[in-house]
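These notes concern the structure reproduced below.
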Amino acid sequence: MKKIEVRNVSKTIQGQKVLSQINLILEGGNVYGVHGYNGSGKTMLFRMISGLIKPTEGTVLIDGEQLHKDIDFPRSIGVLIENPSFWENYTGKEVLKTLAKIQNKVGDKEISEAMNRVGLNPDDSRVVKKYSLGMRQKLGIAQAIMEKPDILILDEPTNALDEGSVKLVHEIIREEKARGSIVVICSHNKADIEDLSDYKIKMESGKIIERG
């Protein structure tokens with residue numbers, strides 16, 4: 001079972017309600033496209049589902065386990081939220097190998113496979129500080145997918161990418177969906193939402209105002 005349940009979730013920060021009475025059920029094998037203006041609550045919702053922040057009210061369940069009670073974070077999740085930042089003096093592969101040690105789920109083979117999928121050369125000797133914005137974005141996506149997670153959350157996944165790389169990322173998202181992952185994306189690129197989403201969720205002022 002791959003299921004996220006967000007039940008009556010609100011979040012207040014410094015007296016300001018940034019999420020208000022959010023109710024969602026997200027299931028595996030689907031792409032959910034979240035859209036709305038800057039400040040609408042999209043990134044905050046992603047942080048909530050990822051376990052990075054605690055709700056002020058309500059609960060988040062991952063396959064029946066409550067975040068911050070039964071588990072601290074989802075057991076199998078890949079996340080790219082906002083602009084990725086990495087150790088500047090490491091190569092891309094060294095960055096991913098270091099991150100992979102956190103859970104020890106994958107090794108060199110899977111890391112190289114993830115880099116190849118996003119169009120990066122695992123044997124590139126350049127360090128990250130010499131990467132272009134697009135290469136950094138690809139590395140961020142590679143770290144999100146390398147462990148083949150049950151939940152994949154991508155915030156602006158096609159940011160700074162050229163047309164060919166956008167197509168590649170779209171293909172990856174479809175492959176992850178076909179693998180059975182819960183894929184949640186947000187993007188200012190309308191084509192990302194229109195072309196990829198099975199369900200669209202519109203947010204405004206911390207609330208879900210439309211879904212379909």
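Just so it is clear, the structure is predicted and the values come from calculations on it, not from any experiment.
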Spatial distance of atom [atom1] ([X]) from atom [atom2] ([Y]) [nearest 0.5 Å]:
X	Y	atom1	atom2	result
E57	N8	CD	CG	9.0 Å
L61	R7	CG	CZ	4.5 Å
L45	I153	CG	CD1	8.0 Å
I49	I4	CD1	CD1	5.0 Å
R75	E65	CZ	CD	4.0 Å
C186	M203	SG	CE	10.0 Å

Does [X] share a hydrophobic cluster with [Y], counting links as ILVMFWY side-chain heavy atoms below 4.5 Å and allowing steps through other members?
X	Y	answer
L139	I77	no
I13	I53	yes
I141	V183	yes
V166	V118	yes
I182	I185	no

TODO: Quick one: do K42 and E156 satisfy salt bridge (Lys or Arg N to Asp or Glu O under 4.0 Å)? Show the steps, please.
DONE: CA-CA 11 Å; K42 304 184 300 296; E156 302 290 347; 5.7 Å; no
Open item on the list: Test of understanding: with side chain to side chain donor-acceptor pair (under 3.5 Å), list the residues that count as partners of E194, not counting sequence neighbours.
Closed with: K200
Could [X] and [Y] be called an ion pair, given the rule that one side-chain N must be under 4.0 Å from one carboxylate O?
X	Y	result
E88	R136	yes
K148	E113	yes
K177	D198	yes

Open item on the list: Does atom CD1 (I209) have a neighbourhood of more than 12 heavy atoms from anything else shown, all under 6.0 Å?
Closed with: yes
- [ ] State whether the number of non-hydrogen atoms from other residues, nucleotides or ligands found under 6.0 Å of K130 atom NZ is greater than 12.
- [x] no
For [X] versus [Y], what's the shortest heavy-atom pair and its separation?
X	Y	value
P149	S76	CA-OG, 3.3 Å
S50	V79	OG-CG2, 3.6 Å
M48	L67	O-CD1, 3.6 Å
N121	M115	O-CE, 3.9 Å
L80	Q137	CD2-NE2, 3.7 Å
I151	P74	CD1-CB, 4.0 Å

Beyond-backbone contact of [X] with [Y], side-chain heavy atoms, under 4.5 angstrom:
X	Y	answer
I81	L52	yes
V127	E94	no
V95	Q143	no
E171	E175	yes
T56	K17	no
L99	M146	yes

Task: S112 and K93: side chain donor to acceptor below 3.5 Å - done: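 Yes - a donor-acceptor pair under 3.5 Å links their side chains.
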Open item on the list: Check whether K11 reaches the backbone of K54 with its side chain - one donor and one acceptor, N or O, closer than 3.5 Å.
Closed with: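 Judged by distance alone, yes, a pair lies under 3.5 Å.
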TODO: Without swapping roles, check the side chain of S10 against the backbone of Q21 for a donor-acceptor pair under 3.5 Å.
DONE: yes
TODO: Could you name each residue pair satisfying ring pair (Phe, Tyr, Trp, His ring centres under 6.0 Å) that touches residues 36-91, not counting sequence neighbours?
DONE: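 Qualifying pairs, neighbours excluded: W87-Y90.
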- [ ] Evaluate the side-chain contact (heavy atoms from CB on, under 4.5 Å) criterion for residues M135 and D124: first the C-alpha distance (whole Å), next the side-chain angles of each, then the deciding distance (0.1 Å), finally the verdict.
- [x] CA-CA 12 Å; M135 291 175 71; D124 191 338; 4.1 Å; yes
Open item on the list: Would L19 and R47 count as a side-chain contact (heavy atoms from CB on, under 4.5 Å) here? Give the steps.
Closed with: CA-CA 11 Å; L19 291 175; R47 290 179 179 276; over 6 Å; no
